[in-house]
Amino acid sequence: MNCRSLAGAVIQALDRNSCLRLLEDSSAVSHLAQTHAQVVVCGYKNDISTITKLIHKLCDFKAVAYARALFLSVPKPDLFLFNVLIRGSSNCGSPLSSVSLFTYLRNNTYLRPDNFTYAFTVSASSGIPDEKFGILLHAQAVVDGYGSDLFVGSSLVDFYFTFSKVEMAQKVFDRMLEKDTVLWNTMISGLVKNCCYEDSIAVFAKMAAGSGVRLDPTSVSSVLPAAAELQLLNIGLGIQCLSVKLGLSSHVHVLTGLISLYSKCGDMKTSKALFENIIRPDLISYNAMISGYTTNADSESSLRLFKELLGLGFQVNSSTIVGLIPVFYPFGHLLLTCGIHGFCVKSGIISNPAVSTALTTAYSRLNEIESARLLFNESKEKTLASWNAMISGYTKNGLTEKAISLFQDMQVSKMDPNPVTVTSILSACAQIGSLSLGKWVYDMIRRKGFLSNLYVLTALIDMYTKCGSIEDARKLFDDAPEKNVVTWNTMISGYGLHGHGQEAIDLFDEMMKSNIVPSAVTFLSVLYACSHAGLVDEGQKIFHSMVHDFGFEPLSEHYACMVDILGRAGKLEKALEFIQTMTVEPSPPVWGALLGACMIHKNTRLAQLASEKLFNLDPENVGYRVLLSNILSVDKKYAQAASVRQVVKQRNLVKTPGATLLEIGDIPYVFTAGDHSHPQKEAIYALLEKLSGKILEAGYKPETMTALHDVEEEEKELIMRIHSEKLAITFGLIQTNPGIEIRIFKNLRVCLDCHSWTKFVSKITERVIVVRDANRFHHFRDGACSCGDYW
DNA sequence: GTAGGGTTAG
């Protein structure tokens, strides 16, 4: 209270009722302070009901410190006053004070807590990180005879749901002899909070059908998110009909819930109609619409509504922003992302962890991984989701080492990984082919009980196939209690990766028998499997079936697969004809597949046609130019080959350097072409020399020489450099005992010469050599490769 | 009643 307002206030004698009325009508803490002065002047400072009213009002205005001070001045507070302050403290974000007031009440007064006391204190204990307070209160309430009180019961149900103790919540609910709307509503919303969507819907149905209890807008709006989450439009429709019948359908909460439901089911037309039905849409209903447009990829409408919201003078909140942000990355809107980032900084919304996490994701999806990292570093409160967003940002951008090192930082900072974290890390292991790290993660998954999570399981299967252990992957797959379309796709593509085309087709057939609805990726996976195994007829059949039986509009990627299948089989003209039948514009991979086939089957004419298209569509890609240059060299068109390479040089295009990973025990070794940095390089180069002699005797013919005609000296040296896979295999031979399988991982496709070299080395050393290249696995054994020279 | 992080092809 300041002096001016005190001086300005007309202090006059008032009766008690007038004092109470003044308190009731106060609309700010400053008014209350003035009235407080009058209360004192008029001699009511010891009137408990006046003081209680004042404390109650102070709590409503969040002036909890003032309220507490006043409370302490009351010589003999009664139970009602205690209850008011317990509830007030809890509502003002000080749940611990509520509990300590309760303790004080029990230990230092002769008062006995009643059902209100318990209800308010239990509610407060839902806001304390430690669950023990609520559990203790539950026990005391039962002892004091309030165990089946409705008020107390509802707070207890809410408390147990807050701490994810679904069974306990259910138990308390079941034991309540009498159930009212609030109790049912608490149950419905608690189940939703704990992702028990089906149960939530079931409880709602029971409430509506036979409980005899009245449904209110909260009942309906509590259950709607469950239907939305499960995308059960029919259930949602039923709820909508019911709420119309009960006259609840014009309530803004109900309408907002329905908007969200229809949006999540992809029906923005209905959402829009519902939104237009709201007489005075509030921020939350706007948010629901914006997020709906965003998830349905209507960036224009989403942004329009956002601008409208700002224009109406609404103070947008974090939900608005989080619902809007994903609009930016599918369309590459980097500038708009930066704009909204600036807006968040200016308005202070950036401090909300959900906002900074969403922005981190946006930047990493836009390949602005550095910006993502800066934002991550700057964000004050790093939640589990923020760490996960950054880690997955790295794996999605192929920066696996950074992902793994951030994962280590995360553990150092004592943030406990969850299934989401683990899924990203497994994906990183799969990318780099690190079986040792993958197995370590698997160990952690078992310890933490994450194996029941379908994302984790699928990522684990993927990790095993990509790290070369297709059998282990299949075992996990067969033992899986639950599989979705992605799990099946993963296993099918795993077979493809290893060249096991028939197994992939068999699994695909089995999938169809299990009535799993295939996706576009399912067909891509099985078609790639056909291409890696040379199954031409089967591939054509599946493509045909995809279009005619399953009604899929083939994507450019599907065409690329078919071109690959036909091309590898030598049916180059047919592949070209196939491209000409395409209904969509052929993308670079389509022409790339044709170009690759031209390399295998030495067709310079078509190669030139394909590369002309490619150089237009994807001028920065060096791979295609190198491929064309090699094709020309093989055809002895040296001058043309040189001019293709010249372009690469002139434009300063960067070729991805080849590298190979080999793990001995848990230690990873990385080799690059012509690597002389290795401590055991002498032994490696000596053995390389020795092997070279032996395999030449056995009939090996180096394949690089043809490409070396008419090449500048400097360049020749580059080409002559020994490829990293040869160095890695040789090192593996030195480091491991005879008979042990050698596994290596190459980041690019293995070249023709290295492929042939490895075949011979596997024969003379009697070793199984497993090579994972950028495309697939090669299992070399006794002079032959599992790919049947088909890659 | 609205909202952030995860798996599959190439």
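Chain naming here is simple, since letters A, B, ... match the order of the sequence lines and numbering starts at 1 in each.
- Nucleic acid contact for Ser319(A): base, since at least one base atom lies under 4.0 Å from a heavy atom of the residue.
- Counting any heavy atom pair closer than 4.0 Å across all strands shown, Thr218(A) reaches no nucleic acid atom.
- Taking His500(A) as the reference, nothing meets the side chain to side chain donor-acceptor pair (under 3.5 Å) condition, with sequence neighbours excluded.
- Pro419(A) comes within 4.0 angstrom of a base, heavy atoms only.
- Lys396(A) comes within 4.0 angstrom of the backbone, heavy atoms only, and of no base.
- Among the heavy atoms of the strands lying under 4.0 Å from Lys264(A) are primed sugar atoms or P, OP1, OP2 only; no base atom is included.
- Here Glu378(A) pairs with nothing under the salt bridge (charged side-chain N to carboxylate O under 4.0 Å, His left out) rule; sequence neighbours left out.
- Val252(A) comes within 4.0 angstrom of a base, heavy atoms only.
- Across all strands shown, Tyr528(A) has heavy atoms under 4.0 Å from sugar-phosphate atoms exclusively, and none from any base.
- Partners of Lys193(A) under the side chain to side chain donor-acceptor pair (under 3.5 Å) rule, at least two apart in sequence or in another chain, are Asp158(A).
- Looking at residues two or more places apart in sequence or on another chain, you find no side chain to side chain donor-acceptor pair (under 3.5 Å) involving Thr181(A).
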- Task: Evaluate the ring pair (Phe, Tyr, Trp, His ring centres under 6.0 Å) criterion for residues Phe550(A) and Phe523(A): first the C-alpha distance (whole Å), next the side-chain angles of each, then the deciding distance (0.1 Å), finally the verdict.
- Result: CA-CA 10 Å; Phe550(A) 293 92; Phe523(A) 289 104; 5.4 Å; yes
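- Residue contacts shown for Ser221(A) are limited to sugar-phosphate atoms, with no base heavy atom under 4.0 Å away.
- Counting non-hydrogen atoms under 4.0 angstrom, Pro225(A) reaches the backbone sugars and phosphates but no base.
- Here the OG-CD distance, from Ser351(A) to Glu381(A), works out to 8.5 Å after rounding to the nearest 0.5 Å.
- Leu384(A) comes within 4.0 angstrom of a base, heavy atoms only.
- A nucleotide of DNA chain B counts as in contact with chain A when one of its atoms lies under 4.0 Å from a heavy atom; the first and last such, 5' to 3', are dG1(B) to dG10(B).
- Residue contacts for Ser318(A): at a heavy-atom cut-off of 4.0 Å it reaches a base atom on one of the strands shown.
- Here Asp506(A) pairs with Gln502(A) under the side chain to side chain donor-acceptor pair (under 3.5 Å) rule; sequence neighbours left out.
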